[in-house]
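Below is one structure, written out as structure tokens; the observations come after it.
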Amino acid sequence: MLIYNTLSRRKEEFVPREPGKVAMYVCGPTTYNFIHLGNARPIVVFDTVRRYLKYKGYDVFYVQNFTDIDDKIINRARELGEDPLSLASRYVNEYFKDADALNVMRADIHPKVSGHMDEIINMIKTLVDKGYAYAAGGDVYYEVRKFGGYGKLSGRTLEDMQAGARVDVNELKRDPMDFALWKAAKPGEPAWDSPWGKGRPGWHIECSAMSLKYLGENFDIHGGGFDLIFPHHENEIAQSEAASGAPFARYWMHNGFITVNQEKMSKSLGNFFLVRDILAKFAPEVVRFYLLGTHYRSPLDFDDEKLTAASRGLERLKTSFNLLEEALVGYDSGAGGRPDPTLSLRLDELRGEFEKAMDDDFNTALAIGTWFDLAREINSSLHKDVFAGVAEKYAALSEARELFIDFNRVLGVFKTENGKIAIQGTGGESEGLVESLVDLIIEIRQEARKKKDWPTADRIRERLKDLNIILEDTPSGVRWKKQG
RNA sequence: GGCGACAUAGCCAAGUGGUAAGGCAGAGGACUGCAAAUCCUUCAUCCCCCGGUUCAAAUCCGGGUGUCGCCUCCA
């Protein structure tokens, strides 16, 4: 399996620190607002990375932090007249609502800065003791010139950085590129006691301290957005490697940006779309499917039309699975029978193609291509119905269902219940008032059709369509589904 | 100014040396009372431009042009 490592700027064979186990850390959001689509991309991308590693049999330990102490949070809290920590924790809860909707699995641990003050202060102490950091006026700064490898992740030298640097004036720093490990508290700000007085951590130190605590030195995968390469991740490396003397993360993965009209979506540009607002217009599986339709390192442009196109494509996969389920109704998966060889061999081939795509730096776009190939295979097999025999047919279709479920297990597009994909809209065995009413209307329409009263039948179908209920007449009866 | 990425059909998007996946949209046919869904067929002589390397390049090299990003909080 190949992973593109930002550190080496090339794809490398993935070899975990410990055979069979993967330790990964992904930079999570600063919780001062609802997340936007740009925040959602890494969340979905690395969730998919994790899912695939699990599919491959790795025991994955996944850590995603929340930055709950930060200037932006303090400012927002001040505006709202709210306590910063309670504001942050409120948005942590909101984060989970969006992440759950996008079918993102919970991390094994979601550490927060506010709960790791001791670890952070200890690491800063170590850096001061080792001579990599210095205290000045209640702040503590990391002295970048002391760390030989500074710039190795972002691929530039200190001289490069300073050439065009828009550096803030701060006479406490020995070098303009030095960055804060600890910030002295101003009146009214949340603060913790430390050897340097009351204050709070700088932004970068939290990830170093928390990843070390939960994953140890030299853990496997560290992920985040491209814009974190510098300075955030560069600084994490400087802190961690200086403090421990050991290499930090082995594989650095960075996702590309979401753009709007080809421009980066960001809070500072104001061109961002909240996940919440998008979910009001599109189903969450469409959003996830859309995010995975492009390789994670490429930029991805967002607008409603593109999501609409994605939802049509997704509809095709959904339909295929529903047709498959329909065909398998009444079939006992334990019934035995040798799978029809033609389909069965093709399924093996497709699984191989899917894995090959994912093995190549998580090429979800290519993998989705094989998912569509699977759908075509299922549809045409059902359409032609040329199987070696009934038992062979069901056994092969059952295999196809397994494969579909496996693809989905990795990509996480459709929600599952008890390991089964729960795609709504099969109609049939329905519950609830809407379902009963639709069934009733269909019954009446069928009577009209029997009398060849086409105008009435068509009118019912049209009016239901206006209500986003689609009727499909098939030789074996009427199928209906909700649209969107 | 420094560093970097990208440029593939109407749209989205794979593809890093062997002759262009997949999806959306479109066209024709089958099926249907008509639709829808599904199936079959079709839809880039060619991958921004100009040179070069090679038996062979969308893929490698050089030079352009264009777009975007990082260097400041940012996923």
Side-chain angles (χ1 to χ4, degrees), chain A residues 9 11 26-30 32 35-46 70-72 75 151 154-157 159-168 177 203 223-232 234 254-259 261-269 272 289-290 293-295 297-301 303 305-317 319-320 322-323 353 357 360 363-373 375-376 378-385 449 452-455 457-458 461-462 465 470-475 478-481:
Chain A
R9 269 163 280 266
K11 289 179 191 172
V26 176
C27 288
T30 301
Y32 67 107
I35 59 168
H36 65 245
L37 228 216
N39 300 310
R41 169 118 96 146
I43 293 164
V44 167
V45 162
F46 292 110
D70 169 270
D71 288 352
K72 296 188 290 293
N75 292 337
S154 49
R156 51 192 123 183
T157 64
E159 285 63 39
D160 290 341
M161 296 176 207
Q162 286 177 343
R166 289 163 277 180
V167 179
D168 56 327
M177 296 310 294
W203 175 35
F226 256 88
D227 51 355
L228 295 184
I229 294 173
F230 189 89
H232 187 55
E234 193 72 62
H254 293 96
N255 63 275
F257 297 124
I258 302 282
T259 59
N261 296 322
Q262 321 300 332
E263 274 197 324
K264 180 183 173 183
M265 177 186 292
S266 75
K267 287 175 183 170
S268 37
L269 288 175
F272 60 89
F289 178 72
Y290 180 67
T294 299
H295 185 87
R297 283 189 284 114
S298 300
L300 173 57
D301 202 61
D303 63 50
E305 280 179 29
K306 285 165 183 161
L307 268 192
T308 301
S311 78
R312 297 232 176 94
L314 189 58
E315 196 63 32
R316 191 173 149 74
L317 294 178
T319 300
S320 180
N322 282 154
L323 290 172
E353 285 173 20
D360 185 11
N363 193 336
T364 53
L366 227 200
I368 285 172
T370 69
W371 203 358
F372 277 103
D373 291 338
R376 178 179 304 284
I378 291 168
N379 294 341
S380 74
S381 296
L382 290 173
H383 185 78
K384 294 174 199 154
D385 203 3
R449 292 185 71 213
K452 297 195 189 295
D453 180 0
W454 309 127
D458 290 348
R461 191 170 59 197
E462 282 306 307
K465 192 183 175 194
I470 310 296
L471 298 193
E472 296 173 0
D473 298 322
T474 76
V478 182
R479 177 159 55 219
W480 69 273
K481 63 185 179 185

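Values reported hereafter were calculated over all heavy atoms of this structure, with side chains retained and with hydrogens, waters and symmetry mates removed. Note on naming: letters A, B, ... go to the chains in the order of the sequence lines (proteins, then strands), and numbering restarts at 1 for each one.
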Handout entry: Backbone of A:E305 reached by a side-chain donor or acceptor of A:D303 within 3.5 Å
Key = yes
Problem - Base-pairing assignment for B:C73 (Watson-Crick or G-U wobble, both under 3.5 Å) - result: none
Exercise for the section: Hey, could you give me the CZ/CH2 distance between A:R461 and A:W454, rounded to the nearest 0.5 Å? Expected result: 10.0 Å
Handout entry: Under 3.5 Å donor-acceptor pair, A:R41 side-chain atoms to B:A75 base atoms
Key = no
Exercise for the section: Classify the nucleic acid contact of A:L471 as base, sugar-phosphate or nothing, counting any heavy atom under 4.0 Å across all strands shown. Expected result: base
Exercise for the section: Would you mind classifying the nucleic acid contact of A:D70 as base, sugar-phosphate or nothing, using non-hydrogen atoms under 4.0 angstrom? Expected result: nothing
Handout entry: No-H, no-angle donor-acceptor pair, A:D458 side chain to B:G33 base, under 3.5 Å
Key = yes
Fill in the blank from the handout: Sorted by position of nearest nucleotide on RNA chain B, 5' first, the leading residue of A:D360 and A:L300 is A:L300
Problem - Pairwise C1' distance for B:A7 and B:A13, with rounding to whole Å - result: 13 Å
Exercise for the section: May I ask you to say what A:T294 touches in the nucleic acid, namely base, sugar-phosphate or nothing, with a heavy-atom cut-off under 4.0 Å? Expected result: sugar-phosphate
Handout entry: C1'-based separation of B:C12 from B:C6 [nearest Å]
Key = 16 Å
Handout entry: Gap between atoms CZ and P, on A:F257 and B:C68 respectively (whole Å)
Key = 14 Å
Practice task
For residues A:T294 and A:T364, report the shortest heavy-atom separation together with the two atoms involved.
Solution key: O-OG1, 3.8 Å
Problem - Pairwise P distance, B:C3 and B:U8 [rounded to whole Å] - result: 26 Å
Handout entry: Among B:C40, B:G2, B:A14, the one nearest A:R156 by side-chain distance
Key = B:G2
Exercise for the section: Classify the side chain of A:D473 and the base of B:C34 as holding, or not holding, a donor-acceptor pair under 3.5 Å. Expected result: yes
Handout entry: Nucleotide opposite B:G66 in a Watson-Crick or G-U pair, distances under 3.5 Å
Key = B:C6
Handout entry: Heavy-atom check, side chain of A:N379 versus side chain of A:L323, under 4.5 Å
Key = yes
Exercise for the section: Consider the side chain of A:F230, meaning its heavy atoms from C-beta on, and name the nucleotide among B:A36, B:C34, B:C71 that approaches it most closely. Expected result: B:C71
Practice task
Return the value, rounded to whole Å, for the distance between atom NE2 of A:H36 and atom P of B:A75.
Solution key: 6 Å
Handout entry: Closest to side chain of A:S380, choosing from B:C39, B:A35, B:A14
Key = B:C39
Fill in the blank from the handout: note: A:F372, atom CZ; B:A25, atom C1'; distance rounded to Å ~ 14 Å
Practice task
Could you check whether A:L366 gets within reach of a base, just the sugar-phosphate, or nothing at all, counting any heavy atom under 4.0 Å?
Solution key: base
Handout entry: Short side-chain N/O contact to B:G23 OP1/OP2 from A:R376, under 4.0 Å
Key = yes
Handout entry: Sugar-phosphate only, base, or nothing, as touched by A:R316 at under 4.0 Å among non-hydrogen atoms
Key = sugar-phosphate
Exercise for the section: Can you figure out which of B:C39, B:G69, B:G33 approaches the side chain of A:E263 most closely? Expected result: B:G69
Exercise for the section: Ignoring backbone atoms, test whether A:K264 places a side-chain nitrogen or oxygen under 4.0 Å from the OP1 or OP2 oxygen of B:C70. Expected result: yes
Exercise for the section: Tell me whether the OP1 or OP2 atom of B:A37 has a side-chain N or O from A:N379 closer than 4.0 Å. Expected result: no
Problem - Flag side-chain contact, heavy atom, 4.5 Å: A:F272 against A:L37 - result: no
Exercise for the section: For nucleotides B:C55 and B:C50, find the distance between their C1' atoms and express it as a whole number of Å. Expected result: 24 Å
Exercise for the section: In whole angstrom, give the distance that lies between atom CZ of A:R9 and atom P of B:G4. Expected result: 8 Å
Exercise for the section: Check every strand shown and say whether A:I258 touches a base, only sugar-phosphate, or nothing at a heavy-atom separation below 4.0 Å. Expected result: base
Fill in the blank from the handout: A:K384 atom NZ is separated from B:C39 atom P, nearest whole Å, by 9 Å
Problem - For B:U59, the Watson-Crick or wobble counterpart (both distances under 3.5 Å) - result: none
Exercise for the section: Verify the contact: side-chain N or O of A:R312 to OP1 or OP2 of B:A25, cut-off strictly under 4.0 Å; return yes or no. Expected result: yes
Handout entry: Same-atom distance (C1') from B:U54 to B:C60, integer angstrom
Key = 10 Å
Practice task
Any strand is fair game: report the nucleotide pairing with B:C46 by Watson-Crick or G-U wobble, both distances under 3.5 Å, or none.
Solution key: none
Handout entry: Span that lies between the C1' atom of B:U19 and that of B:G28, in whole angstrom
Key = 29 Å
Practice task
To the nearest 0.5 angstrom, please state how far the OH atom of A:Y32 sits from the NZ atom of A:K267.
Solution key: 3.5 Å
Exercise for the section: State the pairing partner of B:A27; accept Watson-Crick or G-U wobble contacts with both distances under 3.5 Å, and report none otherwise. Expected result: B:U41
Exercise for the section: Looking at every strand, decide which applies to A:G38 at a 4.0 Å heavy-atom threshold: base, sugar-phosphate, or nothing. Expected result: base
Handout entry: Nearest listed nucleotide, side chain of A:H295, among B:A75, B:C40, B:A14
Key = B:A14
Problem - B:G33 base stacked by A:W454 (centroids within less than 5.5 Å, tilt under 30°) - result: yes
Exercise for the section: May I ask you to decide if A:T370's main-chain N or O and A:E353's side chain share a donor-acceptor pair within less than 3.5 Å? Expected result: no
Handout entry: P-based separation of B:C49 from B:A57 [nearest Å]
Key = 15 Å
Practice task
Could you check whether A:S268 gets within reach of a base, just the sugar-phosphate, or nothing at all, counting any heavy atom under 4.0 Å?
Solution key: base
Handout entry: Separation of B:C73 P from A:F272 CZ (nearest whole Å)
Key = 19 Å
Handout entry: 5′-ward residue of the pair A:Y290/A:L323 relative to RNA chain B
Key = A:Y290
Handout entry: Counterpart base for B:U19, defined by Watson-Crick or G-U wobble contacts under 3.5 Å
Key = none
Problem - Rounded distance in Å between the P positions of B:A25 and B:A36 - result: 12 Å
Practice task
Return yes if some donor-acceptor pair links the side-chain N/O of A:D360 with the main-chain N/O of A:N363 below 3.5 Å, else return no.
Solution key: no
Practice task
Return the value, rounded to whole Å, for the distance between atom CG of A:L314 and atom P of B:A25.
Solution key: 13 Å
Practice task
Output, in order, the C-alpha distance, side-chain angles, deciding distance and verdict of salt bridge (Lys or Arg N to Asp or Glu O under 4.0 Å) for A:R376 and A:D373.
Solution key: CA-CA 5 Å; A:R376 178 179 304 284; A:D373 291 338; 5.3 Å; no
Exercise for the section: Select base, sugar-phosphate, or nothing to describe what A:N363 touches, counting heavy atoms under 4.0 Å on all strands. Expected result: sugar-phosphate
Practice task
Can you tell me the distance, in whole Å, between the CD atom of A:Q262 and the C1' atom of B:A13?
Solution key: 14 Å
